[in-house]
Every structure is written in structure tokens, then in C-alpha cells.
Amino acid sequence: MSSAPSGRARVLSATPRNIALLARCLRDGGLVAVPTETVYGLAACALQEPACRSIFAVKGRPLVDPLIVHVASMEMAEPLAVWNKTARTLAAAFWPGPLTLVLPSIDAVPGIVTAQRPTIAIRRPVHPAFQALIGRCAFPLAAPSANPFGYISPTTARHVLDSLGDRIPFILDGGPCALGLESTIVDVCVPENPMLLRPGAIPRQEIESCLKRPCPSSKPSDGSPPSAPGMMDRHYSPRVRLRLFPHGSAPAAARDPNDAVLLFSRPRDPITLSTPSMYWLTENGDLAEAGRSLFAILRKLDERDHAAVHIEEPPSDGLGEAILDRLRRAAAPEPGTV
Ligand code: AMP
Ligand code: MG
């Protein structure tokens, strides 16, 4: 057990003793930041309304944006929703892992968790420390990403400490997130028409080949506005201005000397390579590596004094869809600006 260098959150490793302590904190209505294979989450007992309400307060998250409910097993997931064959097929193929299923709710959790929708989002994560914690709790945990609403998602305990350290009691440190991109969210309320609500760490093609049918992008099946759930145009955003340019093309010519360039992969040309303020997401074009490093690099760039960052879009296949989705939202103008 070690204490935090700044803020007041204690950063704990996943020893059995610490897991027991954190499970007690959650049972008593407290909040704990947790490692997952996607990004760090801010967890509360999904059955306690005040605890879940405090997640929204700590993050500054609007109450219209529902929370994902995390479970340790299929047994824990069953009583939360009305299950169907498509949902079971996806759960069997991708759980535990970075897939969130949206299903008809049976009101097992307080309305604040689902933002009063008739649906519930459920995920069974694979990260061993998070699994151990949910298993020890024996109740489901509601957890959005552990960042101030709209800011870049955290992929290390340090990121959580830096932005929420003075607002939460504990951070469970499970090392850097293995995937670094949020879960893929599939609405399976209508089993014949699965819909992709958010591209994520499992590529759309894998969902489609598992189900042997298309999984088009869509608004939630309950007809709620697209701006409501985590799919706001501007999200995952640093303070520095971001400008995207197409994959394989050169960044915009006239640049402020204070600007930085973030390429998709390490350039082969030594002249380009020696340009100051040149960064890249992957050494050799690996999309998984790009996904893993994306949020950490955006945070680093945000700490430097760049006027703007010009970012090369990733290739659009596989994980590229989720990376491009995050980059587009991160680069979207603030409401009221151009
Ligand atoms: P976050 O926890 O910030 O990664 O985002 C959670 C996202 O899951 C929300 O912003 C929604 O897009 C989606 N979600 C959660 N619960 C529901 C629900 N009941 N119905 C539809 N989408 C949901
Ligand atoms: Mg989030």
C-alpha cells in the first residue's frame, strides 16, 4: 500500500487485503477508480442510488449519459436484463472482454444508472484486478471512465490521480490499460437487428463475423437523442486545438512553429523524422499499439505548449474505426465556437 504523491486519493495495488478494503468502501457507498483492459473506470455499487449519483458529481457528467454496469460472471448479468439469443452469442464469444451489450432492462438498478432509459448496458471485463474486485463485492459495479466529463480517458493510475486525485478516496493500480480504447457497445434489444452504438476495442468486423449479419451504426433502439449517450460530438478532448488530416497525406503546409504533428506511424524518411515536435502513435503501423498509446499521447501533448496539433488519421479498417471516432470527437470544436 502506498500513499499518493499529490491529491488525496490513495493508490493501491491489487493485493487480496487491498481488494477486501476496496470492496468494503464500495459496499459502504464509496467510489473507487479501477483498472480495466479498456480505460480506467470510476466505480460505485450499481445498486445504490446515492453512490451512483456521486459518480456524476465527481466527473461533472450530465445525468442524461447512462453508466455501464460491470459484472464478474454471467450469473451476475442474467438478473439485470431480458436476454436473447444474439446477446448470449456475443457474450459467449467476447466475454470477459471489451464488449458492452445494451439490453432491455428489468429495473434491477436505480434509474440514475440507466439515465431513466428502458435499457441497460452490461459488460464483463477481463482485467484480473477488476474481476477480483467485482467478485469480492458480489454486486455489480457501475463505472464510466475515470476522467472529468469530456476530457481524455485515463489509461494509467497516474492519469486518474492527476485529474480526479483530489475528489476520490482510492485508485486501484492495475498497470497501464492493455487496450487503451473504450469498449465496443452493441445494442441487442432487437436480436435480428444488432446496432453498433460505439465503435471500440473489438472491431465491428469481429462482431459481424460472429453474428453472421451486419451490425450497422445507430442511435439507441429506444429512440433517445444521439447527443445523449457518450456520443456527444465533442468528447475525449484535450485543451490544445487538434486538426486531423487524411491518412498518408502531408500535414497542412503553413504551420505555426509552435504546432506539433502526430503521425500514425514512425516516418521512414530521416528528414521528416528530425522535424521538431513530431510524434507518432505506433512504431510500424500496428493499430493495436496505436489504440493503446492514443490517450496517453494526447495527454502528453496537452501538457506541452503547442498552439495546435496536426494529427494523421489512422487507416479505417479494424481498430482504425474506433481510433478515428475518438480523434474526430477529440478534435470537434467546443459548442459555441467555430
Ligand atoms: P462511458 O462509460 O463514458 O464509456 O460511456 C458509457 C456509454 O455507454 C454511454 O455514454 C452510452 O453511450 C452507453 N450506454 C450506457 N448505458 C446505456 C443504455 N442504457 N442505453 C444505451 N446506451 C447506453
Ligand atoms: Mg467516458
Side-chain angles (χ1 to χ4, degrees), residues 31 33-44 46 52 55-56 58-71 77 80-82 87 98-125 130 140-155 159-160 163-164 177 179-190 193-202 217-238 291 294-295 298-299 322 325-326 329-330:
L31 300 187
V34 292
T36 89
E37 65 274 23
T38 58
V39 301
Y40 272 71
L42 183 59
C52 293
I55 290 180
F56 288 89
V58 163
K59 279 181 58 86
R61 180 175 174 114
L63 290 169
V64 294
D65 196 357
L67 306 178
I68 296 173
V69 176
H70 296 79
V71 296
L80 298 175
V82 182
L99 175 69
T100 298
L101 297 173
V102 172
L103 283 162
S105 158
I106 50 174
D107 296 333
V109 296
I112 192 165
V113 173
T114 58
Q116 318 298 334
R117 285 156 195 266
T119 55
I120 182 170
I122 311 176
R123 181 162 95 84
R124 183 179 165 202
F130 193 20
L141 295 177
S145 49
N147 53 324
F149 181 73
Y151 193 60
I152 306 162
S153 299
T155 55
H159 293 162
V160 182
S163 46
L164 295 181
C177 298
L179 303 171
L181 291 170
E182 292 81 356
S183 60
T184 301
I185 305 181
V186 182
D187 182 332
V188 279
C189 290
V190 182
N193 283 316
M195 299 282 185
L196 189 74
L197 296 190
R198 175 175 74 187
I202 297 176
S217 300
S218 164
K219 301 171 196 166
S221 63
D222 60 16
S224 49
S227 61
M231 299 309 280
M232 322 232 167
D233 288 346
R234 185 176 163 82
H235 213 74
Y236 314 105
S237 305
L294 175 69
F295 288 139
L298 288 182
R299 275 187 186 249
D325 170 81
R326 304 306 186 267
R329 289 178 206 285

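Order of listing sets the numbers, starting from 1, for every ligand and every atom in it. Since the structure is predicted, the reported quantities are computational estimates derived from the model, not experimental observations.
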remark   = Arg117 heavy atoms within 4.0 Å reach ligand 1 at atoms 18 (C), 19 (N), 20 (N)
query = Can you find a heavy atom in the side chain of Ser183 that is under 4.5 Å from one in the side chain of Ile185?
reply = yes
task = Give the numbers and elements of all ligand 1 atoms closer than 4.0 Å to a heavy atom of Arg198.
result = 1 (P), 4 (O), 5 (O)
key: Tyr40 ring center near His159 ring center (under 6.0 Å)   = no
query = What part of Thr119, side chain from CB on, backbone N/CA/C/O, both or neither, has a heavy atom under 4.0 Å from ligand 1?
reply = both
task = Using a strict 4.0 Å cut-off to heavy atoms of Ala121, name the atoms of ligand 1 that fall inside it.
result = 14 (N), 15 (C), 16 (N), 17 (C), 19 (N)
request  = Considering the heavy atoms of Ile68, write down every atom of ligand 1 situated less than 4.0 Å from one of them.
outcome  = 6 (C), 8 (O)
message = Can you give me the closest heavy-atom contact between Val58 and Leu42, atom names plus distance?
response = CG1-CD2, 3.8 Å
ask   = From the Mg ion (ligand 2) out to just under 2.8 Å, does an N/O/S atom of Ser153 turn up?
value = no
Over all atoms of both residues, closest heavy-atom pair of Thr184 and Ile202 = OG1-O, 2.7 Å
ask   = How are the rings of Phe295 and Tyr236 set relative to one another: parallel (under 30°), tilted (30 to 60°) or perpendicular (over 60°)?
value = parallel
key: Distance filter under 4.0 Å to Asp65 heavy atoms, resulting ligand 1 atoms   = 9 (C), 10 (O)
message = Does only the side chain of Arg61 get under 4.0 Å from ligand 1, or the backbone, or both, or neither? Count heavy atoms.
response = side chain
key: Glu37/Arg123 salt bridge by N-O under 4.0 Å criterion   = yes
note = Under 4.0 Å between heavy atoms, the region of Leu67 that gets near ligand 1 turns out to be backbone
ask   = Which residue, Val71, Thr100, Leu99, Leu101, forms the side chain to side chain contact (heavy atoms under 4.5 Å, CB included) with Arg124?
value = Val71
ask   = By number and element, which atoms of ligand 1 are closer than 4.0 Å to a non-hydrogen atom of Ile185?
value = 7 (C), 8 (O), 13 (C)
inquiry  = Could you check whether Glu182 and Ser153, counting side-chain N and O atoms only, form a donor-acceptor pair closer than 3.5 Å?
reply    = yes
ask   = Should the proximity of Ile120 to ligand 1, defined as any heavy atom under 4.0 Å, be assigned to the side chain, the backbone, both, or neither?
value = backbone
remark   = ligand 1 atoms nearer than 4.0 angstrom to some heavy atom of Leu197 are 21 (C), 22 (N)
